[in-house]
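Residues take their numbers from the sequence shown, with the count starting at 1. The basis for the numbers below is simple: all heavy atoms, side chains too, and nothing from hydrogens, waters or symmetry mates.
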Amino acid sequence: MWKNTQQNYGLIAILLHWLVALVVFGLFGLGLYMTDLSYYDAWYQKAPFIHKSIGMLLLFVIVFRLVWRFINVRPEPEASLSRIEKVASEWAHRLLYLLLIATMVAGYLISTADGRGIDVFGWFEIPALLPPVKGMEDIAGEIHEVLAWTLVGLAVLHALAAIKHHMIDKDKTLMRMFSPK
């Protein structure tokens with residue numbers, strides 16, 4: 001089943017969810033690794049190139065995921081969830097999407113602060129939309145770091161909430177994101 005139903009997520013939504021989760025945590029790890037590289041390190045040029053390229057591809061995936069989310073039915077929350085859990089879940093998801101997009105925009109601003117576009121694995125270039133702005137990469141870099149840490153922190157809370165539903169509440173919240181049924 002490719003599309004969502006009232007009870008379950010479809011295969012496309014499930015694959016997009018796990019792809020985004022894997023890429024976000026991978027980019028976060030690579031970003032942390034990059035901060036300790038010296039000019040003479042073999043990965044000094046390569047790591048940022050990979051980080052930027054994957055980040056831009058992730059932006060396209062997020063746009064597709066949002067479109068898919070709006071054109072599909074969203075499964076109803078488990079009946080056992082309290083009103084506060086339903087509201088918290090809805091706002092956590094909205095905040096995750098906002099943080100994803102804001103983090104990528106800040107990354108884009110870091111990379112294009114000198115007026116050059118972003119080369120995505122040599123396949124195509126994302127152009128710089130703003131003229132060079134002195135100091136923008138530093139400001140955008142600070143914002144990018146704070147947003148990335150916040151995004152990962154909220155994603156961890158999201159995962160812990162899913163585990164709580166599975167282990168303590170014994171409902172199907174977590175399992176619906178593994179199998180489309």
Side-chain angles (χ1 to χ4, degrees), residues 9 12-72 74 87-162 177:
Y9 291 98
I12 292 176
I14 291 169
L15 291 174
L16 287 170
H17 175 271
W18 292 111
L19 174 65
V20 169
L22 179 67
V23 170
V24 164
F25 280 95
L27 285 174
F28 184 75
L30 182 57
L32 286 177
Y33 173 72
M34 289 177 356
T35 61
D36 288 334
L37 295 176
S38 72
Y39 180 78
Y40 298 103
D41 194 299
W43 276 82
Y44 184 77
Q45 298 289 329
K46 194 181 301 185
F49 174 74
I50 292 169
H51 187 86
K52 289 186 254 186
S53 293
I54 293 174
M56 289 295 99
L57 293 175
L58 179 61
L59 180 59
F60 294 125
V61 170
I62 292 298
V63 169
F64 176 74
R65 186 173 179 193
L66 285 168
V67 168
W68 188 256
R69 180 179 167 111
F70 287 116
I71 64 172
N72 267 280
R74 286 206 331 233
V87 170
S89 171
E90 181 62 32
W91 280 100
H93 283 95
R94 288 178 184 181
L95 188 54
L96 281 167
Y97 281 113
L98 179 66
L99 286 167
L100 279 164
I101 292 167
T103 303
M104 288 182 278
V105 167
Y108 169 83
L109 292 174
I110 296 166
S111 301
T112 60
D114 62 359
R116 288 183 291 157
I118 299 172
D119 176 19
V120 179
F121 292 121
W123 302 335
F124 58 92
E125 184 174 294
I126 309 278
L129 298 176
L130 300 173
V133 177
K134 185 177 168 104
M136 182 169 73
E137 66 274 7
D138 294 329
I139 295 167
E142 295 284 330
I143 293 168
H144 185 70
E145 182 180 7
V146 169
L147 290 172
W149 276 102
T150 306
L151 172 61
V152 166
L154 184 57
V156 167
L157 286 175
H158 173 70
L160 290 173
M177 197 44 75

In terms of heavy-atom contacts, T35 and L32 come closest through OG1-O, 2.6 Å
Do F25 and V156 come close enough that some side-chain heavy atom pair is under 4.5 Å? yes
Determine the interplanar angle of the H158 and H17 rings, folded into 0 to 90°, and report it as parallel if under 30°, tilted if 30 to 60°, perpendicular if over 60°. tilted
Count the heavy atoms belonging to other residues, nucleotides or ligands that lie under 6.0 Å from CD of E125, then report whether that count exceeds 12. yes
Hey, is CZ on F121 packed in by over 12 heavy atoms from elsewhere, all under 6.0 Å? yes
Work out which heavy atom in M56 is nearest to a heavy atom in V120; give both atom names and the distance. CB-CG2, 3.9 Å
For the student: nearest non-hydrogen atoms of T112 and A128, plus distance: CB-CB, 3.7 Å
For a quick test of reading the model, state the closest non-hydrogen atom pair linking I118 to K52 and the distance between them. CG2-CB, 4.0 Å
Check A113 against E137 and note the closest heavy-atom contact, atom names and distance. CB-OE1, 3.3 Å
Is it the case that R94 places NZ or CZ above or below the six-membered ring of W91, under 6.0 angstrom from the centre and within 45 degrees of the axis? yes
To the closest 0.5 Å, what do you measure between CG (L30) and NZ (K46)? 12.0 Å
Contact between F64 and I12 at the side-chain level, heavy atoms closer than 4.5 Å - yes or no? yes
Flag the pair R74 / E90 as yes when at least one side-chain heavy-atom distance between them is below 4.5 Å, and no otherwise. yes
Within a reach of under 6.0 Å around CZ of R116, are more than 12 heavy atoms found that belong to other residues, nucleotides or ligands? no
